[in-house]
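The structure under discussion is supplied below as structure tokens; questions concerning it will follow.
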Amino acid sequence: MVIYFHDKEEDTMMNQMNELDALRHSASHVMAQAVKRLFPGVKLAIGPSIETGFYYDFDADTPFITADLEKIEAEMKKIAKENLKIERIELLREEALKLMANEPYKIELINGLPDDAVISFYKQGEFVDLCAGPHVNYTSKVKAFKLLSVTGAYWRGDSANKMLQRIYGTAFANKEALEEHLQRLEEAKKRDHRKLGRELDLFDIYEEGPGFPFFFPKGMVLRNLLESFWRAEHAKCGYTEIRTPVILNEELWHRSGHWDHYKDNMYFTRIDENDYAIKPMNCPGGMLAFKRRLHSYRDLPQRMAELGLVHRHELSGALHGLMRVRCFTQDDAHIFMTPEQIEAEVLDVIALIDRFYKVFDFKYSVELSTRPADSMGSDEQWEAATNALKHALEVNKKDYTVNEGDGAFYGPKIDFHLEDSIGRTWQCGTIQLDFQMPERFDLAYIGPDGEKHRPVMIHRVVFGSIERFIAILTEHFAGAFPLWLSPVQVKVIAITDSHHAYASGVYQALRDAGIRSEIDLRSEKIGYKIREAQLEKVPYMLIVGDKEMESGAVAVRSRKSGDMGSMGTDAFIGMVLKAVLEKALDA
RNA sequence: GCUGGUGUAGCUCAGUCGGUAGAGCAGCUCAUUCGUAAUGAGCAGGUCGCGGGUUCGAGUCCCAUCACCAGCUCCA
């Protein structure tokens, strides 16, 4: 989350944040102390404060269960009541190792500290913990807290290491702030795209196909709108569109390097005694499409887009609604170019992604991901590619963080992250620079010198996956999509049977104007029909009765601001069409 | 995949000590013709995730498995 403040406000805010940080850090120590009292055999790992609270990792012989949280919470309350003084102690390395003789993880941490590091501890009553601080001064300050969950977490975040028990909690300066936070979490649950997708009849995932989503008629309207918008924008930017097969011969995937670096994520099948793979990425198909003929430098850059359906075997525990699925459509494109064109092309894509996200009012963060351990190509190539991306980011004056070792196996990438309703971020857009595939597929173009040259390639997506983007979109707007994206834009509601003919006329006029509409002719009270339309988050309701019939008008009600009074049907249609054309966010 | 938790009607949930499953909403039928967030009555709806086991008897206890949720790992 990006927050902007003015000078003084910023200072106070920073101080408050630091205080809250210290409080939460202390809360994690109090929790560790409580755990130590209740389960003496437990070993301590690490326990930092985090954006929304704190956690502590423990190595326990028997895993904690949910019921343990209550006991631990009760003990924490006792420790707070004891009002222990929290003191800082600095020790020499030897002393520190001696003090932590029974804490193997702490010893590992101490040994990992640089020679000149100050080794500090914080002590409260009988509990001492290796810690850089800062902390609040008394345990009584830790009074508004709640333990939230117990989960597994690998030591040092490495799945090769032992899985520890992590207890998450949150703490605030006072009860009110804590309650407010818990309330907000409840509210956020209502925006969950999995819930809204079902309620609004957009999409769902069934037990019969874990990670393989279904899209229903209204969800398809949304999808198709996103895709048409995408096609129109890409055409403007000089992209062409192709479509490559979902299933291709396994040999292709050996050639591309996917077999060596991505096999575990791929699905395979056999056709007439031959081995085939279901594509997890669109690039190899794109390579073949590019290779269909010889290219001149005059034709470069060549921007070939593809809305490609890919399948990837994700770990069962990683699946998450539409955010992480096992089959999804990437709004992919491969840009083939000369090395001189790299920077301009990367900058263009950065600008394109920025433009797209602004249309939806999305805030995003940027990451540069560098060479992973499992990758192909030479160091020089990787360095050149990484520097090219870095340079583009700097030219663009974009703030970004570096994600070491998180690049694709064929090249470094710039990732664009969007936030879901509870602040988790998801990678959507990405720009990947690739010197490897052109090599592997022996791609070439004829230069001005009449010789063959190797093109460079960019893989890039803007939405990322249509599925994930729809999930983010749903949560961002809490299901109340802006008018231009709403599956149903207008609902005509007749007051009584005698208005049916007139209502149907209005309905037909809307449809003739290309406005996605529904009509409600049921013999229900209008309060009931309005309530239903409101819950369906339809942007506009047109209520028609005697008054409207006489004047040839419609009574407009917006889902946002309620009764807007009556206006001529044509005027309403004009208003809607204008807002749709502008992709207005407040309509 | 790993750790903890949860699976009961389309949805949200109740179901006591093991004694044979219930509500609200949604759906259907009928009545009602109504002016800005719920008209009334009636009907129907369940292999209690799936498979074993214990028991005279299992939604409830045990085992196994699948899916989901939170987190870790991984990723668009």
Side-chain angles (χ1 to χ4, degrees), chain A residues 55 57 60 63-69 148-168 189 192 194-195 198-199 201 204-211 262 264-265 280-281 310 312-325 327-332 369 406 408 413 415-418 422 424 426-430 432 459 461-469 471-472 493-500 522-535 541-548 555-559 562-566:
Chain A
Y55 67 79
D57 286 349
F64 297 122
I65 56 169
T66 315
D68 293 331
L69 294 186
L148 298 171
S149 60
V150 49
T151 69
Y154 300 105
W155 168 238
R156 301 212 142 160
D158 186 340
S159 58
N161 289 339
K162 181 165 185 182
M163 179 166 273
L164 308 172
Q165 302 293 311
R166 175 174 297 178
I167 300 179
Y168 279 94
K189 272 189 202 158
D192 191 311
R194 292 165 295 193
K195 187 176 162 63
R198 203 175 300 122
E199 284 173 0
D201 204 23
D204 207 352
I205 300 177
Y206 301 125
E207 206 167 327
E208 288 84 346
Y262 210 74
D264 293 345
N265 280 299
M281 295 189 196
V310 298
R312 297 182 184 177
H313 180 73
E314 297 295 338
L315 293 177
S316 60
L319 301 178
H320 183 95
L322 247 40
M323 295 282 191
R324 190 178 286 105
V325 286
C327 79
F328 55 100
T329 302
Q330 292 185 302
D331 62 315
D332 216 341
S369 295
D406 211 38
K413 53 182 187 158
D415 292 329
F416 295 75
H417 289 249
L418 296 174
I422 59 172
R424 291 177 291 211
W426 298 86
Q427 186 190 312
C428 289
T430 176
Q432 313 179 342
H459 310 239
V461 289
V462 179
F463 290 140
S465 95
I466 308 283
E467 288 75 5
R468 180 176 286 182
F469 199 81
I472 300 262
I493 298 174
I495 291 177
T496 73
D497 292 357
S498 60
H499 310 120
H500 283 189
R522 293 173 305 170
S523 56
E524 296 288 351
K525 303 214 296 200
I526 65 156
Y528 181 85
K529 298 195 204 179
I530 286 172
R531 177 184 154 79
E532 206 158 273
Q534 195 76 40
L535 292 174
M541 288 150 256
L542 298 182
I543 288 89
V544 297
D546 289 338
K547 280 185 265 175
E548 289 71 28
V556 182
R557 181 192 164 94
S558 103
R559 68 180 167 200
D563 195 346
M564 294 170 68
S566 82

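Every chain is numbered from 1, with letters handed out A, B, ... down the list of sequences. Everything numeric here is computed off the predicted structure, so don't read it as measured data.
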(Q) Using a 4.0 Å heavy-atom cut-off, does A:Thr66 contact any base of the nucleic acid, only the sugar-phosphate backbone, or nothing at all? (A) sugar-phosphate
**Q.** A:Asp546 versus A:His499, side-chain donor and acceptor atoms under 3.5 Å
**A.** yes
Q: For A:Asp497 and B:U33, give me the distance from atom CG to atom P, rounded to whole Å.
A: 10 Å
Q: First locate atom CD of A:Glu467, then atom OG1 of A:Thr329, and finally report the distance between them rounded to the nearest 0.5 Å.
A: 4.5 Å
Q) What distance, rounded to whole Å, do you find between the two C1' atoms, one in B:G71 and one in B:G27? A) 39 Å
Q: For B:C56 versus B:C48, give the span between their P atoms, rounded off to a whole number of Å.
A: 22 Å
Q. Nearest-Å distance, CG (A:Leu535) to P (B:C11)?
A. 18 Å
Q: Can you tell me, in whole Å, how much space there is between the P of B:G15 and that of B:U6?
A: 14 Å
Q: Could you check how far CD of A:Glu524 sits from P of B:G35, rounded to whole Å?
A: 14 Å
Q: Looking at every strand, decide which applies to A:Glu199 at a 4.0 Å heavy-atom threshold: base, sugar-phosphate, or nothing.
A: nothing
**Q.** Any A:Ile65 side-chain heavy atom under 4.5 Å of A:Val150 side chain
**A.** no
Q: Could you check A:Arg531 against A:His499 and say which one's nearest nucleotide on RNA chain B is further toward the 5' end?
A: A:His499
Q) Is a donor on one side and an acceptor on the other found under 3.5 Å between the side chain of A:Glu548 and the backbone of A:Gly545? A) yes
Q.
Please determine whether side-chain contact (heavy atoms from CB on, under 4.5 Å) holds for the pair A:His313 and A:Asp264, giving the CA-CA distance in whole Å, both sets of side-chain angles, and the decisive distance to 0.1 Å.
A. CA-CA 7 Å; A:His313 180 73; A:Asp264 293 345; over 6 Å; no
Q) How does RNA chain B look in dot-bracket notation if pairs are Watson-Crick or G-U with both distances under 3.5 Å, crossing ones as [ ], other-strand ones as |? A) (((((((..((((.....[..)))).(((((.......))))).....(.(((..]....))).))))))))....
Q. Taking the side chain from A:Asp192 and the backbone from A:Lys189, do they hold a donor-acceptor pair closer than 3.5 Å?
A. no
Q: Could you tell me whether A:Glu548 contacts a base, only the sugar-phosphate backbone, or nothing, with contacts defined as non-hydrogen atoms closer than 4.0 Å?
A: base
Q. How far does the C1' atom of B:A31 sit from the matching atom of B:C68, given to the nearest Å?
A. 43 Å
Q. What is the distance, rounded to the nearest whole Å, between atom CD1 of A:Ile530 and atom P of B:A38?
A. 9 Å
(Q) What's A:Phe469 touching, base or sugar-phosphate or nothing? Going by heavy atoms closer than 4.0 Å. (A) nothing
Q) How far, in whole Å, is B:A9 from B:U55 if one measures between their P atoms? A) 30 Å
Q. Going from OG on A:Ser566 to CG on A:Leu542, what distance comes out if it is rounded to the nearest 0.5 angstrom?
A. 11.0 Å
Q: Measure from CD1 on A:Ile526 to P on B:A37 and round the result to the nearest Å.
A: 8 Å
Q. Hey, does A:Lys529 reach any base, or is it just sugar-phosphate, or nothing, if we go heavy atoms under 4.0 Å?
A. nothing
Q | Spacing of the P atoms in B:C63 and B:A70 (rounded, Å) | A | 26 Å
Q: For nucleotides B:G19 and B:C11, find the distance between their C1' atoms and express it as a whole number of Å.
A: 30 Å
Q: Please measure how far the C1' atom in B:G7 lies from the corresponding atom in B:U65, and state the result in whole Å.
A: 13 Å
**Q.** Reading 5' to 3' through nucleotides 60-76 of chain B, protein heavy-atom contacts under 4.0 Å coded B for base, S for sugar-phosphate only, - for none
**A.** ------BSSSBBBBBBB
Q | Flag side-chain contact, heavy atom, 4.5 Å: A:Arg194 against A:Met323 | A | no
(Q) Heavy atoms only, 4.0 Å cut-off, all strands: where does A:Ala533 land among base, sugar-phosphate and nothing? (A) nothing
Q: Using a 4.0 Å heavy-atom cut-off across all strands, classify A:Ile65 as base, sugar-phosphate, or nothing.
A: sugar-phosphate
**Q.** Whole-Å distance separating the CZ atom of A:Arg557 from the P atom of B:U36
**A.** 10 Å
Q. Could you give the distance from CH2 (A:Trp155) to CG (A:Asp57), rounded to the nearest 0.5 Å?
A. 8.0 Å
(Q) Within this structure, what is the CZ-OG distance for the pair A:Arg166 and A:Ser149, rounded to the nearest 0.5 Å? (A) 9.5 Å
Q. Side-chain contact, heavy-atom cut-off 4.5 Å: A:Ile167 with A:Leu69?
A. yes
Please produce a list of atom pairs where a protein N or O lies less than 3.5 Å from an N or O of nucleotides 24-27 of chain B.
from	atom 1	to	atom 2	distance (Å)
B:A26	OP1	A:Tyr528	OH	3.2

Q.
Checking A:Thr496 against A:Ser498: is there a side-chain donor and acceptor pair closer than 3.5 Å?
A. yes
Q) Of A:Gly527 and A:Lys195, whose closest RNA chain B nucleotide lies nearer the 5' terminus? A) A:Lys195
Q: Taking A:Arg324 for its side chain and A:Leu319 for its backbone only, find out whether a donor-acceptor pair lies under 3.5 Å.
A: no
